[in-house]
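Take a look at the structure set out below.
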Amino acid sequence: MVGYNLLESSALDQRARDRFSGVPERVSLSCGALTVLYDPLEFFVGEQQVFLSPLEGAILELLMRHGRASSKALIETFEREGASANTLDVHVYRIRRKFTGAGHFDPIETVRGWGLKLRVPGNDMQRFHAAASLPTRM
């Protein structure tokens, strides 16, 4: 006979109990292997957390939401955070160093003359854009 064991609990059951118990569920955004959790802002590659400064987190979160960011959007982000846009290269370097230093991928691609682009292995959005740019055969 197949039955339901009330003592066993799955992650889905736990999430449902948390939702009704008044414990707020954290909002998250995933791009391939990279995940950001909000309130507070935390970044993960798989299960491993990558610690970023608030400004570094704002840059990476902007890239995760849009897939890319123009220089203008990045300058607006810096101004909103109260930082100088002249330090953009330093912050991008630090993000790259924190990811590659922990043995992960480099999540940022510089598009010369335009801005930055998110580069994450397993990101379906990137594969979709790459496939959409291929010429179609007739």
Side-chain angles (χ1 to χ4, degrees):
M1 179 169 108
V2 177
Y4 182 75
N5 185 347
L6 294 175
L7 298 177
E8 292 181 11
S9 176
S10 69
L12 184 59
D13 294 336
Q14 183 63 42
R15 192 176 314 143
R17 282 194 297 276
D18 289 346
R19 187 175 299 133
F20 293 108
S21 68
V23 175
E25 191 172 317
R26 291 181 70 187
V27 176
S28 67
L29 172 64
S30 293
C31 296
L34 183 61
T35 302
V36 60
L37 293 175
Y38 293 91
D39 295 324
L41 203 62
E42 297 176 331
F43 293 89
F44 293 87
V45 175
E47 298 292 321
Q48 186 178 10
Q49 186 171 3
V50 179
F51 296 95
L52 301 176
S53 73
L55 189 53
E56 293 164 355
I59 294 167
L60 192 56
E61 193 266 340
L62 175 67
L63 292 174
M64 287 181 70
R65 277 189 290 119
H66 299 289
R68 59 185 183 174
S70 67
S71 297
K72 181 180 177 184
L74 291 164
I75 290 170
E76 289 172 358
T77 299
F78 272 74
E79 289 174 352
R80 187 174 50 251
E81 296 292 325
S84 170
N86 295 333
T87 61
L88 174 63
D89 291 337
V90 172
H91 290 287
V92 169
Y93 169 78
R94 288 179 181 165
I95 294 169
R96 288 178 167 152
R97 186 179 66 194
K98 288 177 181 181
F99 273 80
T100 58
H104 303 302
F105 53 88
D106 176 1
I108 299 176
E109 179 181 339
T110 301
V111 180
R112 197 165 294 280
W114 190 81
L116 301 175
K117 181 179 171 184
L118 183 67
R119 180 178 55 195
V120 177
N123 187 354
D124 293 333
M125 182 184 299
Q126 289 173 329
R127 275 191 248 136
F128 174 76
H129 288 303
S133 64
L134 296 174
T136 57
R137 293 184 182 176
M138 297 209 167

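Small disclaimer: the values here were computed from a predicted structure and weren't measured.
When every heavy atom of Pro107 is checked against every heavy atom of Ile95, the shortest pair comes out as CG-CG2, 4.1 Å. Closest approach of Ser30 and Thr35 over heavy atoms only: OG-OG1, 3.1 Å. Across all non-hydrogen atoms, the minimal contact from Ala85 to Ile75 is CB-CG1, 3.8 Å.
Taken from NE2 in His91 to CG in Leu55, the straight-line distance is 4.5 Å, to the nearest 0.5 Å. Here Leu29 contributes atom CG and Phe43 contributes atom CZ; the two are 9.0 Å apart, rounded to the nearest 0.5 Å. With rounding to the nearest 0.5 Å, the separation of CE in Met64 from OG in Ser28 is 9.0 Å. Atoms OG and NZ, on Ser70 and Lys117 in that order, are 15.0 Å from each other to the nearest 0.5 Å. Atom CZ in Arg68 sits 11.5 Å away from atom CG in Leu63 (nearest 0.5 Å).
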Please lay out, stage by stage, how Leu74 and Leu116 fare under the test side chain to side chain contact (heavy atoms under 4.5 Å, CB included). CA-CA 9 Å; Leu74 291 164; Leu116 301 175; 3.7 Å; yes
For Leu41 and Val36: C-alpha separation, side-chain torsions, deciding distance, then whether side chain to side chain contact (heavy atoms under 4.5 Å, CB included) applies. CA-CA 7 Å; Leu41 203 62; Val36 60; 3.5 Å; yes
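Using a 30° and 60° split on the angle between ring planes, His104 and Phe99 fall in the perpendicular class, above 60°.
Under a cut-off of 6.0 angstrom, the local environment of OH in Tyr38 is crowded, with over 12 non-hydrogen atoms contributed by other residues, nucleotides or ligands.
Within the 4.5 Å cutoff, the side chain of Pro40 has heavy atoms near those of the Arg26 side chain. Within the 4.5 Å cutoff, the side chain of Glu56 has no heavy atoms near those of the Leu60 side chain. Taking the side chain as every heavy atom from C-beta outward, Ile59 and Phe78 approach each other to under 4.5 Å.
Side-chain atoms of Thr110 and Arg96 include a donor-acceptor pair closer than 3.5 Å.
When Ile108, Leu34, Asp106, Val45 are each tested for a side chain to side chain contact (heavy atoms under 4.5 Å, CB included) with Val120, only one passes: Leu34.
Ion pairing of Glu76 with Arg80 is absent here, as no side-chain N (NZ or NE/NH1/NH2) approaches a carboxylate O to less than 4.0 Å.
Hydrophobic cluster membership is shared by Leu52 and Leu62, with clusters built from Ile, Leu, Val, Met, Phe, Trp and Tyr side chains linked at under 4.5 angstrom.
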